[in-house]
Structures are given as structure tokens and as C-alpha cells.
Amino acid sequence: MLIKTKADLTEADVTPEHIYRDRRRFMQQGAILGASTMAALTAPLALPRRAHAQSPDLVQSPFSTDEDKTSYEDITTYNNFYEFGTGKDDPARHAHRLKTSPWTLSVSGECDKPGTLDIEDAVKPHTLEERIYRLRCVEGWSMVIPWVGFPLGDFLKRFEPRSSAKYVEFETLHDPKQMPGQRRPILEWPYVEGLRMDEAMHPLTILAVGLYGKKMPNQNGAPIRLVVPWKYGFKSIKSIVNIRFVEKQPTSSWMKAIPDEYGFYSNVNPDVAHPRWSQARERRIGEFRKRKTLMFNGYADQVASLYAGMDLKKNF
Amino acid sequence: MNSRNFNTSIKPIVFLLCLLPALVLAIRLWLDKLGANPIDAIADSTGEWTLRFLLIALLMTPLQKFLKWRWPTHIRRMLGLFAFFYATLHLITYLWLDQFFEWGEIWRDIVERPFIAAGVAAYLLLVPLALTSNKPAMRMLGKRWKPLHRLAYIATLLGVLHYWWMASGKSDVSEPMVYALLLGLLLLVRVRLPTRT
């Protein structure tokens, strides 16, 4: 008998919880979800190994934290996703309107092989990994989320970006019928976010298609979203339909809405306060006392060099 | 039941109704029904009920004057004191559950962030009003009591501003807008009222 490694234990830790947490919802949705959808979902998740056909068997990542994970329920009921309303519980209540299949993802701009892909074709070539990341919201709370995804850099390389591609711009779906929050002009729709090329190619940056070993819930940005763990949560744009390689720094929706309060970089930084509240501490969901916020959300070892020599107070 | 009896018997009922939001909040906390971030939920709820009670209290005089009802004057003080009660819960939530009594942090918050300063100013204005809401204080203050208690309008204005400034950082001021409109309406009615009864 094999003695399990630490990585295996982490993995084993994840699966029972999601099955436990999610059994009821799974059974409720089972009837609704078409068989074809199920096949499409589980097939890519089970690609790496098929040893345990029941549970998604994901490659573990050295980038994962071993901190306690936030519960599936909290991750899927406490969301900022203004496309479904500005209340924290609005996304969980309204995101069922979002139709995530079929879904096409278009990649264009400064690249040699632009293309429009079905979500399945976008995901298929990649090995799905579990990445257990801290998520720090600009509002002052945080979670630990076991994402399922693959490096954004691997995906972007398929389209052969040119040297003129200095930034990557992302766009969320714009359809007020499916996204009732877009009927109010709270932000300029569609939601736009951007990364510098080196940030986009960084191995920590992923496209996520699931969490807790299962398909991404709509309220968390299904079918495909960005996760940039060292930046405030709003940078990790959800339900992406367009990706563009561009020469000039994109202007994100939040930069347009409140330019003095939200900048392009939006790196987690305890020393640079949001004009309306301090960023020095955060409340980890599920904990009583606040904890100190870490520089770059605790990923300084991996990403601080990206910003060497930059004034992070100016480039907030 | 004659009108005098009605005016006095309404008080205990209103008292219990005013306690209801706090009770509901306590029960939801006990049952773990406040969502993923219960402390934020408590802060939001107590803050909103403070504004609601301030507005309801400010509505009583116009009601009494326009509709010639007596009961609004009988419960006005209680409503004002409940506004102070919810404001106190809101402040305690901030000082304890949000800042854990780290006075240095709290002071920096007040100095650096206008929305916190507005909230604290609103609370400080409510303190003398709560303290002088009894008969001996009224007698002692005499003619000065009324102008002093007009501070309730300023406090409410600061309270709405506090909410507005916080919400505008999240780009959605629709809820504070409702409170601002209601307060504007109450002020407008005030201006058009005869100054003496």
C-alpha cells in the first residue's frame, strides 16, 4: 500500500467535502442538467487520470495554499457579480438565468492566430489543475477557494501573440436578458478588465472553469473566468466572452466608474488604503477576528519582481 | 375606547414593534442565517434601522400637524430613542466587531475617511438629544429645548451622507438615494409648516 504524499492528502481532503457539501444541490440539479451537458462537464475534469471515475481527479499545484478552505456554501452564496445585482446574495439568486452552454470565447487583437472557440475547444487541450488560492476582495473580506483551471499563459500562447501585444483585455458577456444587473447603469457594460502581458503570462494567473472539483457555479463566473490571486477580486473577471491582445493599457470598468479609487493594477496592498476604507486588515469569511492583509495577498515571493521599481502608491 | 386611552395604549405596542428588528437580527444570528459575513450583515442592518427610525421620528410632527392626530406626539420620543438605540448598536458593531477597540486604527479611520467621520458626527449629535429627551431636561432647557432638538435633522443628514459616501465607493447609491429623498421630503414639509403651533 502506498503512503500518501501531502499533495494527495490535500486532494483527498477536497473531494469528500464537495461531495458532502453539494449532494443536495447535485441531486436537485441532476434532473435539470442534460446528459450531454454532464458529459461535457465531467469529461474534461476527468481527463488526467480515470482512477476514481466518480470524483474529478485533478492535478495538484505547488502554488496551492494549505490554509483552511472557505465552505462551498459561503463561496457560492456571498458574491460580488454586479451583472446579477449589487447585493451579496443577488448572484446566487439570479445567476440561474445565465445560459453557459453553448458558449463561445473569442480571442483577437495583436496575435497571429486569432480565433473564436467553443468553450469545450478552449478548455480541452489543457490539463486541469486544482489551485487553492486566497481571494482578497477590495471591500475587506477574503476567502480560500479551491479553483479548477489552467494557466492563462498556456491558453494565450495558442493564439501566438505578437510583440506589439503589451496588454490583454477581457470582456464579460453583455446580455441584460440573462444578466438583469446590466439593466442599471451602475458600471459601463460589458464589464472590462485587463492585465499587463507579463501578469497575464505569470504561472499564478489562471483561467478557472470550476471550484471544489466541480463545474463553475454561474454566480462564480461560469463557464470560464480569470483568477489573479495577488490582485483584488474584481480584477478576476467572470463569464468571459472576449479576450484581446492590445498595445495600450485597457481601461477597466471600475477605472471608468471611479478613477480615483480603482486603478489598473489593483494589487492587494495593505499599505495603500482605498480612499473609503483601510486595506491593512481583512475578515476571512468564517473567522471572527480580522487578520492582517499580506502584500500581494501573500504571493509577494512570486510576483513582487513584476513591479520592481514601480511606485505602487501611484500605480494603485 | 376614547382617544386619550388610545393615545396611551399605543405606546407598549409601538415599543414592541420597534424592538422587532433587533429581535429578528438576534434570532438570525443565533440560527446562523446572516450569511457568510454576519458581522457585515449586523452593521448594515443596524445602520439602516437607525436611518429608518430617525426618518419615522421626524415624520411624527408633520403627521400630527397635517392630520390633527394626537398619537404621533406621544410616540415621537420613543421613536427617537430607538433611533439612538440602533445607532448605538451600529457604533458598537464598528468599534468592537470591526475594529476590536484598536483606538489608533479607529482614530485614523475617523480622520482619514469622510464617511466614517460623518457617521461619528451624526452619532455625537444624537447623544445630547437622547440625554435631554426626558421631562426634567425639557423643563430645565425651556425654550432652548426645541432648537437643540432640531439637530435631529442635521444628524439624519449626516447619517444619510455616511451611507451615501460608503455606497458610492461601490458605485451603487440607489439605497441611500431613497433615504436622501425621504429626508428631503420631510425637510420640505417642515419649511412649509407654520413655525408656531
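Below, all heavy atoms of this structure are taken into account, side chains as well, without hydrogens, waters or symmetry copies. Numbers restart at 1 for each chain; the letters A, B, ... are given by sequence-line order, proteins then strands.
Counting only heavy atoms from C-beta outward, the side chains of B:Asn37 and A:Lys88 never approach each other to under 4.5 Å. Inter-residue side-chain proximity for A:Arg276 and B:Lys170 is flagged as unmet; no heavy-atom pair is nearer than 4.5 Å.
For A:Trp277, the parts sitting under 4.5 Å from any heavy atom of chain B are the backbone and the side chain alike. Using a 4.5 Å cut-off between heavy atoms, A:Ile186 contacts chain B through both its backbone and its side chain. For chain B, the nearby parts of A:Arg289 are the backbone and the side chain; heavy atoms of each come within less than 4.5 Å. Residue A:Phe234 does not touch chain B at all, counting heavy-atom pairs closer than 4.5 Å. Heavy atoms of A:Arg283 lying under 4.5 Å from chain B belong exclusively to its side chain. Looking at A:Ala280, neither its backbone nor its side chain comes within 4.5 Å of chain B, counting heavy atoms on both sides.
Contact tally against chain A (heavy-atom pairs below 4.5 Å) for B:Asp98, B:Asp40, B:Asp109, B:Leu97: the top residue is B:Asp98. For the set A:Gly286, A:Ala257, A:Ser278, A:Pro275, the count of heavy-atom pairs under 4.5 angstrom toward chain B peaks at A:Ser278. Most heavy-atom pairs under 4.5 Å with chain A, from the set B:Met166, B:Glu102, B:Glu112: that is B:Glu102. Options A:Met143, A:His274, A:Arg184 differ in how many heavy-atom pairs under 4.5 Å they form with chain B, and the most are formed by A:Arg184.
A pairwise comparison of heavy atoms in B:Gly169 and A:Ile258 identifies O-CD1, 3.7 Å as the closest pair.
Around the CZ atom of B:Phe15, the shell of radius 6.0 Å holds no more than 12 heavy atoms that belong to other residues, nucleotides or ligands.
Residues of residues 113-137 of chain B placed with any heavy atom under 4.5 Å of a heavy atom in chain A are listed by number as B:Arg113, B:Phe115.
Of the possible polar contacts, none joining the A:Thr86 side chain to the B:Asp172 backbone as a donor-acceptor pair under 3.5 Å is found. Remark: the backbone N or O of B:Ser171 is not paired with any side-chain donor or acceptor of A:Tyr82 at under 3.5 angstrom.
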